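Note sheet for the following structure.
These numbers were taken from a predicted model, which means no experiment stands behind them. When reading the values below, keep in mind they use all heavy atoms of this one structure, side chains included, and skip hydrogens, waters and symmetry mates. Throughout, a chain's letter reflects where its sequence line sits, starting with A, and its residues are numbered from 1.
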Amino acid sequence: MTVEHADSPPTVTAPVPPPRLAPAAAPREPAAPPGPASPVDTGPADHERPDHQGPDHQGPGHERPGRQGPGREPWPAGVRQIRIGAPPPTGPGITGTGHAVTTVGADAGTQRVLAVAAADLASHYRRCGPVPWRGPGGPLLAEIRDSGLTGRGGAAFPTWRKLSAVVAAAHPHTGRPGGRRRVAPSGTRRAGTPVVVANAAEGEPESTKDATLLAAAPHLVLDGLQLAAEAVGAGEAYVQVKPGAAAEVVRRAVVERRAAGWDRCRIEVREAPATFLAGEASAVVAALEGAPARPRAHWRPLADDGLHGRPTLVHNVETLAHLAMIARWGAAWFRCVGTADEPGTLLVTVTGAVAAPGVVEVPYGTPLGELVALRGGATEPVGALRLGGYAGTWLPADVGPGVAMSREGLAPWGAEPGPGLVSVLPAGACGLAETARIVAYLAGQNAGQCGPCVSGLPQLARAVAGMAGVAGRNTAPDGENPAQSASRALRLAALVAGRGACHHPDGVARLVHSALRTFAADIRAHAQGHCIGSTHPG
Amino acid sequence: MPGLSQRRRTAPDDAPDGHPDSTAGGGGPAVRPARLWIDWTACDARGWCAELLPELLARDPAGYPLARAASAQTTRNITIPAPLASHARRAVDACPRLALRLLPDG
């Protein structure tokens, strides 16, 4: 075995409150005793002490400011007590001036990550307290497993399995950090120090949830990144973020944390190119290596063979924000909203013909109609809903609003919650034309690497464009009529699906399939020489 | 085929029974259930695999390999039945683009 890195926990530095908090805590500190008698706390105040605050927070010379405070207040003045099991602060959180997000209405969904959102470190500390370090491996992993947290980047993979895959890859023979080293059998690859990446590349053009979250709660995300880094014993952490306001916010946040000594693992912020595929996990790793941000064909998972061959953990920023909350308030708290299979909340970007396009946070299982209503409702009669963005699924307007945003609720429609995106197509717009526009965009965004995708997607885009044209007007008399185009599109979609290094062609095929189902009446009308928009009369 | 050692060209049962990661063409003895993995970024539609493994692979109009099994939703991972294991290994070794790999199933 050749792991020679962070088996020993990182240097024991208690999270220092940000400097701006010092005045609040200062009046109490002179009263604190040298405290030699209590390496293990026995005082009454300890009942209020959060469970996660382990012994490493009481390094020599560090006096917890609240020890001698009045009553049972263990935290610095103004800092909210946090205990596992106790509810986190609630409330509008991110409304008001100076915040990136405004919510619509008084009850804007069940806010969690958005409710504790704080733009600067001092207010983040007041709302959330210090980073709840748990030590490498085990404890946090168990908590995350119990919470049932899944990835919020689209694939909904169980977060703890990704974490434990990286731990196992970094420590192949013990499966846990800190385990006893053994001699490696010959031929075993040397695993490197793990790397963790917060992915906010957000290639999906309609999605704004990652940027919104980062702009509103950069420190919560970075806490999650630090906790993930600690759990897997990572040596470096990266934030891969789309250029824009969010990138500036997260840069400032990293500087702020560095000044306050909050982080145990160095964080580097990198900007992602603004292409559709830049958010794919292996493309993120490629970009971090300095290569073009294109997906890679990898037969070993990134957890085994990621950045420069090292075990690599790539999590969506929203996943990390939830992780940071679970580490603070526990799995049981996390599970108290959402469905049994998919606990917790998710961020959803609502776009299209809605009064106030933007991001909402809702529990899993919320009907799509309610989601749209949270952003002010549709501004026009609804023709269809598109779920999961450009590479998503069309849902007919008559059933769409009643469908629950959960894996179970969406399965009958061949859809998945995906990256949290609901787009409203007005009844007056032609769903086929919209599909043609999207497929043309996606075909142009292919990475130019895999044959079936490179040759198949443009053909598919042409077939869908033929479907979107109305017979007799745009098509030549001997040309293909829209119904023929539709069957060609169906054939081509089946031919591209699953045949590439990434899931890009699968997503395009899914969108085309759902368009053929949802807009069947439109295709008939187009074949007969007129367009009915996306409404289904009768 | 220049560049490939004689060992790689012989019958697959002679393939080293080593750690899956240590053999270039994918690992494991041929009798174990395996799946075929295609590196689509490397594949250039030469068609040798479809020639050597016609039971599992066909070619699409552009010449790229296409899984025959209707159940195979994707051609990312094609399960190899045990009787075809040696043929699959031959196809893996013959690919001029080194785009195929046998992975242990599961």
Working to the nearest 0.5 angstrom, can you tell me the gap between A:Arg300 CZ and B:Trp37 CH2?
11.5 Å
With a sphere of 6.0 Å drawn around CD of B:Glu55, does it hold more than 12 non-hydrogen atoms of other residues, nucleotides or ligands?
yes
Are A:Trp299 and B:Leu103 side-chain neighbours, meaning at least one heavy-atom pair lies under 4.5 Å?
yes
Let me confirm one number: the CG-OG distance from B:Asp60 to A:Ser455, rounded to the nearest 0.5 Å.
6.5 Å
Check for a donor-acceptor pair, side chain of A:Arg499 on one end and backbone N or O of B:Pro65 on the other, with a separation under 3.5 Å.
yes
Quick one: pull up CG in B:Asp39 and CZ in A:Arg296 and give me the separation to the nearest 0.5 Å.
12.0 Å
Heavy atoms only: give me the nearest B:Trp40-A:Pro452 pair and the separation to one decimal.
CZ3-CG, 3.3 Å
Under 6.0 Å from the CD atom of A:Glu408, do we count more than 12 heavy atoms belonging to anything else shown?
no
